[in-house]
Structures are given as C-alpha cells and as structure tokens.
Asks: 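My questions all concern the structure below.
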Amino acid sequence: MADNNPPVTVPPDTVAVIDGPPTAPAPEPTLGDLLSQLSTETTALVKQEVRLAKVEARQEIAEAGKGVGAAVAGGAVAYTGLIALVIGLGWALGQLFDDDLIWLGIVLVGALVAAVGAVMLKKGLDQLKALSPPLDTTTQTLKEDKQWIKQETP
C-alpha cells in the first residue's frame with residue numbers, strides 16, 4: 001500500500017533538533033574579535049563622514065558662490081554710480097558760475113545708481129554672513145562618533 005501523505009517539510013532551524021542533539025550557543029566573542037569589529041565599523045564610519053564632508057562642502061561652496069556673485073554685481077553697479085557722481089561733480093565745478101543745471105541731472109542719476117548698487121552689495125554681503133560655519137554637520141557627527149568610540153572601547 002502506497003503512502004498518500006505529502007512529505008512534511010521542516011524549517012531548517014529545527015532540523016538540528018529533530019536530527020540530533022541541540023547545538024550549543026555561539027561562544028562569546030573574544031577581545032580580538034571585538035577589536036576587529038570595532039576597527040571595521042570605525043573605518044566604515046570614517047568613510048561615511050568623508051562622504052558627508054564632501055557633500056556639505058559642495059553645498060557651502062555653491063551658497064558662497066551666489067553671495068560672492070551678488071556682492072560683485074552690487075560692487076560693480078555702485079562703482080558705476082561713483083563714476084557718474086565724480087563726473088557730475090566735475091561738471092558742476094566747471095559750471096559753478098553759470099546757470100546751466102546739467103550737472104544736477106548727472107549727480108541725481110549717479111546718486112540713484114550708487115544707491116541701487118549699495119542695496120545690491122548689502123544683499124550679497126548678508127547672504128555671505130548667513131552661511132553656516134563650514135562642515136557644521138560633519139563636525140557635529142564627528143563629535144558624536146568620538147563619544148561613541150569612547151563608550152565602546154574598554
């Protein structure tokens with residue numbers, strides 16, 4: 001007579017119990033094993049920190065570039081205004097004893113251009129001041145890693 005029951009599948013972790021005596025628990029890791037593991041994890045951690053530092057540095061450089069660009073543009077416009085003011089003042093000195101008011105128009109335009117340039121320059125400088133210290137996140141995580149290593153080493 002044939003057996004019509006399907007074979008019973010036993011999970012792999014119970015096969016040892018069914019087929020023989022239970023296995024002994026894994027031995028405690030040795031100090032050498034622990035130091036090796038700590039070294040491996042520390043190496044991986046340092047590599048991650050270097051990657052983080054690179055990403056953070058790129059972000060800071062991009063932000064600094066925007067601020068420098070705005071400051072340079074503002075400085076150029078302010079310089080143009082200064083040139084116009086100088087020309088206007090020079091024209092005014094030449095027209096001091098005459099009733100011609102051409103110089104006043106030049107001075108007013110120069111003052112307006114210089115004011116716009118000053119606003120642009122201030123905006124660019126404010127952007128530069130608002131930047132966080134370089135590698136702020138990396139510095140913080142390195143401090144945390146140092147604390148962790150101190151706690152994990154005997």
Asks: Answer yes or no: are there more than 12 heavy-atom neighbours, outside E28 itself, under 6.0 Å from its atom CD?
Replies: no
Asks: Answer yes if V72 and L125 sit in the same cluster of Ile, Leu, Val, Met, Phe, Trp and Tyr residues linked by side chain heavy atoms under 4.5 Å apart, and no otherwise.
Replies: yes
Asks: Is L82 reachable from V119 through a run of hydrophobic residues whose side-chain heavy atoms are each under 4.5 Å from the next?
Replies: no
Asks: When rounded to the nearest 0.5 angstrom, what is the spacing between CD in E56 and CD in Q59?
Replies: 7.0 Å
Asks: Do you know the tightest heavy-atom contact between A118 and A78?
Replies: N-CB, 4.2 Å
Asks: Consider only side-chain heavy atoms of I, L, V, M, F, W and Y, link residues closer than 4.5 Å, and tell whether V113 and I87 are in one cluster.
Replies: no
Asks: Can a donor-acceptor pair be found between the side chains of D33 and S36 at a distance below 3.5 Å?
Replies: no
Asks: Could you state the interatomic distance from CG (L34) to CD (E41), rounded to the nearest 0.5 Å?
Replies: 10.0 Å
Asks: State yes or no: do V68 and L131 share one hydrophobic cluster built from I, L, V, M, F, W and Y residues joined by side-chain heavy-atom distances below 4.5 Å, directly or via other members?
Replies: yes
Asks: NZ of K122 to CD of Q127: how many Å apart, nearest 0.5 Å?
Replies: 11.5 Å
Asks: side-chain contact (heavy atoms from CB on, under 4.5 Å) with K47: which of L45, V50, T43?
Replies: T43
Asks: To the nearest 0.5 Å, what is the distance between CG (L85) and OG1 (T80)?
Replies: 11.0 Å
